[in-house]
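Step one of this worksheet: look at the structure below.
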Amino acid sequence: MQKYQTYLLGALLIIITAIDLPIAEGANLTFFVSPLVGADSNPGTEEKPFASLERARDALRELKKNNRSKLPVGATVVLREGTYHMTQTFVLTQEDSGTNDAPIVYQAYGGEEVRLSGGLAIPFERFQPVTSTDELSQIDGEARDHVLRANLKDMELAHSIESRWDRSLPGKPERPAPEEFIFDDEAMQLARWPNNGWTRISQVVTPGPVLRGGASTGEPASLRVDTDRPSRWTNTDVWLRGFWKWDYFDESLAIKSIDPANRLFTLDGSTLYGIKAGARYFAFNILRELDQEGEYFVDRERAVLFFWPPQRLSKWRARLTLLSEPVLSLSGASYITFRGVIIEEGRDDAVHVQGGQGNHIVNCTIRNFGKDGVVITGGQEHEVSNSSIYNIGLRGVVISGGDRKKLKPAGHALVSNHIHHYGRRGTTYPGVDIDGVGIHVVRNSIHDAPHTGIQFMGNDHVIELNEIHHVCAETTDAGAIYTGRDWTVRGNIIRHNFIHDLLGMDNKGDVSAIYLDDLASGTSMTGNVLARVRRGVKIGGGRDNIVENNVFVNCDTSFSVDARAVTWGSKFLSNDGVLRKRLDRLPYQTAPWSTRYPQLSQILNDDPGIPKRNVVRRNVMYQCAQTSIDPIARFYGAIQDNWETDSDPGFDDMSTDNFGMKGGALVEAKIPGWDNIPFGKIGVHKAIDE
């Protein structure tokens, strides 16, 4: 770790008392903060640190004020070990900015563990055995010997408990999540049935209100189930989470009433697409279903937490997520870095970056949030690198920026991050969601999630050298890398990624490694390795796409190109449809669009429903069952020089999933000009920024 030159105590005292003091040339200003031994009345030295981030921020503001709003040197705020209890967002604005040559850095001291927590600690002594007859009657026999209770009435949480789990409509901001119980740094499971997986409804008695098509009634939805389990449930605020109509959209619905004799649920609220018989669901927030270790339940009326702790404990650290706003916000700020800290335990997002330039999140751990991890909106050249982002309610990282009308790139980057176990609260959210122009997603590892790995919209993004696996585990009609239903999403490059072990729900889902849905066009897919996936590349009726120099290994279908807009998908071409609306929002017939994407400028006069000019060539398909090319797509495209083989094409070592090619490999003879894939560079690598 870099050495810090401690700013002179006397100088700091003078600065804080607002006397103008020039900074010595070449000096490196350092403040120290400690939640354990600090005080905001201290001068912020290593011996006498501040207690809060806000005090360090304000000290820098005072220093800037006395030096005409600009620091000629960089500044470092060193955070000593401990938990910083974030009861409100730590906000940095334009006045807190550094410069490219003199950035402001907030970073952990050495190898110390620094936590910025939006949670509320529940001490060990709060947890007691359950002894009341009434409470014991609501807990199953085996669980009674293990479940503990914690009275929260006199704690902060009692007046801020959230009890709604329904999600917002697509395109609308999600509200903060209800509180979650975090134990030993892991999000515990809210008591549910069944404990894992899903069960099915047997009959839709009344469909209830439906917002987007399908049968709809003014009366509440009612469902019949094939189980007597609901007769056991004693608390009233039971919820159901299910894929009620389609396996790419899930919703949580409150139960209004239960008729155990008729095995009937009456629900409260509307569904987006309706409900079908056989839909999968699970029930949650049920005290009687607290029947295994790691489960919990919060009695919101009495502010009591029930919990069955795991048997093997490394430590006792119990917290409830409390903060209902981001932990960290950089709004209009520039050239600020956060390095080496843990950001955790909130009901909202972890980090917001809005506007500004050159901000960095480096070597951080972001975990246990109810909504998104990092959200970057607008600005220029922001970067998240070498960080771990996991146990996230919705999306891991959301990045948008650039000017689409001018095709001006944002220059944002997501580099060498480990993103996993997201989509816990809303299943159908991606790990990485990018939109705008010119965003770089490189060398990340993304895995173990119910839905998409990377979803992209916009233009001229580069998605490369990422490893994605075991995603789309609970959804169908999905892709590890996905875009769809927008002709203007063009110029994107997907290259040198390793996508593997993608079999979908119950190992039989309709999932693809790379999925260009509903006429998505103008994407280049080159040099990717797609192994043990249900389908490698799927082009859903789009045009001007390139699939070249890829390796498909043990795929059911290596690549698929259909002509859906000629048949069942012709509805997408209507003048009031989404494709046309998105096209008309952009100046696609004038420069720079007309010169950057000349085929797009004439699309409405060029048989827009026909999948023209797709190129699928020079790909290796090792032990893949089939390809699927619609005759219309074949006629209007170029499907050529692809090699199907059951013999080893020259892999370095299949037994260790090393799918790079040896020198002189057979593929070089079968596909002249084969461009070797830099397989050893794929996945998480240490970020350059140290």
Side-chain angles (χ1 to χ4, degrees), residues 416 441-447 453-454 462-470 479-481 492-503 512-516 523-539 545-561 614-629 634 637-686:
S416 293
V441 181
V442 55
R443 296 197 308 270
N444 301 282
S445 177
I446 303 171
H447 63 89
I454 300 173
V462 177
I463 300 170
E464 63 179 341
L465 296 168
N466 302 284
E467 181 179 8
I468 307 174
H469 61 93
H470 294 96
I481 299 178
N492 298 293
I493 296 172
I494 302 172
R495 68 184 173 208
H496 300 157
N497 301 282
F498 179 32
I499 305 175
H500 60 97
D501 296 291
L502 189 71
L503 301 176
S512 304
I514 303 172
Y515 187 5
L516 309 185
T523 296
S524 171
M525 296 154 279
T526 61
N528 301 285
V529 177
L530 313 175
R532 299 183 298 274
V533 299
R534 187 68 64 202
R535 185 187 298 105
V537 173
K538 183 175 183 178
I539 298 174
N545 298 296
I546 298 173
V547 183
E548 186 172 22
N549 210 98
N550 301 284
V551 176
F552 300 86
V553 179
N554 300 126
C555 305
D556 289 353
T557 301
S558 50
F559 50 81
S560 169
V561 186
N614 290 301
V615 175
V616 182
R617 67 186 174 206
R618 302 175 63 250
N619 299 285
V620 177
M621 294 160 284
Y622 171 70
Q623 293 188 352
C624 295
Q626 62 180 351
T627 61
S628 177
I629 307 293
R634 187 179 294 275
I639 318 298
Q640 59 194 37
D641 301 329
N642 299 292
W643 177 37
E644 297 183 61
T645 180
D646 288 330
S647 300
D648 183 350
F651 295 130
D652 281 329
D653 187 357
M654 278 193 293
S655 66
T656 60
D657 274 3
N658 185 347
F659 294 112
M661 297 290 186
K662 301 171 183 175
L666 182 59
V667 66
E668 296 175 2
K670 293 292 185 178
I671 303 180
W674 172 258
D675 188 6
N676 237 356
I677 298 169
F679 193 80
K681 296 181 180 180
I682 295 174
V684 172
H685 289 249
K686 189 171 179 59

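Heavy-atom basis, side chains included; hydrogens, waters and symmetry copies ignored.
When all heavy atoms are compared, the tightest approach of M621 to T627 is SD-CG2, 3.7 Å. When all heavy atoms of M661 and A665 are compared, the pair lying nearest together is CB-CB, 4.3 Å. Looking at every heavy atom in both residues, I677 comes nearest to H496 through CG2-CD2, 4.1 Å. For the residue pair L502 and A480, the shortest heavy atom distance occurs at CD2-CB, 3.9 Å.
In this view, D646 satisfies the side chain to side chain donor-acceptor pair (under 3.5 Å) rule with no residue, not counting sequence neighbours. With sequence neighbours excluded, the residues satisfying side-chain contact (heavy atoms from CB on, under 4.5 Å) with C555 are V533, F552, C624. Taking the side-chain contact (heavy atoms from CB on, under 4.5 Å) definition, one finds that D641 meets it with R618, sequence neighbours left out. For D556, the salt bridge (charged side-chain N to carboxylate O under 4.0 Å, His left out) criterion is met by R534, not counting sequence neighbours. Shown here are the salt bridge (charged side-chain N to carboxylate O under 4.0 Å, His left out) partners of E464, two or more places apart in sequence or in another chain: R495. Annotation: ring-ring contact (aromatic ring centres under 6.0 Å, His included) contacts of F651 (sequence neighbours excluded): Y622, F659.
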*May I have the step-by-step check of side chain to side chain donor-acceptor pair (under 3.5 Å) for R535 and T557, ending in yes or no?*
CA-CA 5 Å; R535 185 187 298 105; T557 301; 5.1 Å; no

*Any chance you could lay out the side chain to side chain contact (heavy atoms under 4.5 Å, CB included) test for I629 and F559, step after step, and finish with the verdict?*
CA-CA 8 Å; I629 307 293; F559 50 81; 3.5 Å; yes

*side chain to side chain contact (heavy atoms under 4.5 Å, CB included) between V529 and F679, intermediate numbers included*: CA-CA 8 Å; V529 177; F679 193 80; 4.0 Å; yes

*In sequence, state the C-alpha distance, the side-chain angles, and the governing distance for M654 and V553, and then conclude on side chain to side chain contact (heavy atoms under 4.5 Å, CB included).*
CA-CA 10 Å; M654 278 193 293; V553 179; 5.6 Å; no

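Distance CD1/I494 to CG/L516: 6.0 Å, rounded to 0.5 Å. From N658, atom CG reaches atom CG of D653 across 6.0 Å, with rounding to the nearest 0.5 Å. Atoms CG and CD1, from N642 and I671 in turn, are 7.0 Å apart once rounded to the nearest 0.5 Å. We find the OG-CD distance between S524 and E548 to be 7.5 Å, quoted to the nearest 0.5 Å. Rounded to the nearest 0.5 Å, atoms OH (Y515) and CD1 (I539) are 12.0 Å apart. Separation of atoms OG (S416) and NE2 (H685) is listed at 7.0 Å; rounding is to 0.5 Å.
Considering N497, N549, N619 in turn, N497 is the only one that fulfils the side chain to side chain donor-acceptor pair (under 3.5 Å) rule with N528. In summary, of the residues considered (I454, N550, V537, V547), a side-chain contact (heavy atoms from CB on, under 4.5 Å) with I514 occurs for V537 alone.
Using a cut-off of 4.0 Å between Lys/Arg side-chain N and Asp/Glu carboxylate O, K662 and D648 are scored as not salt-bridged.
In this structure, N466 contributes its side chain and I446 its backbone to no donor-acceptor pair below 3.5 Å. N545 contributes a side-chain N or O that, together with a main-chain N or O of T523, makes up a donor-acceptor pair within less than 3.5 Å.
Between the side chains of H447 and E467, no donor-acceptor pair is found at a separation under 3.5 Å.
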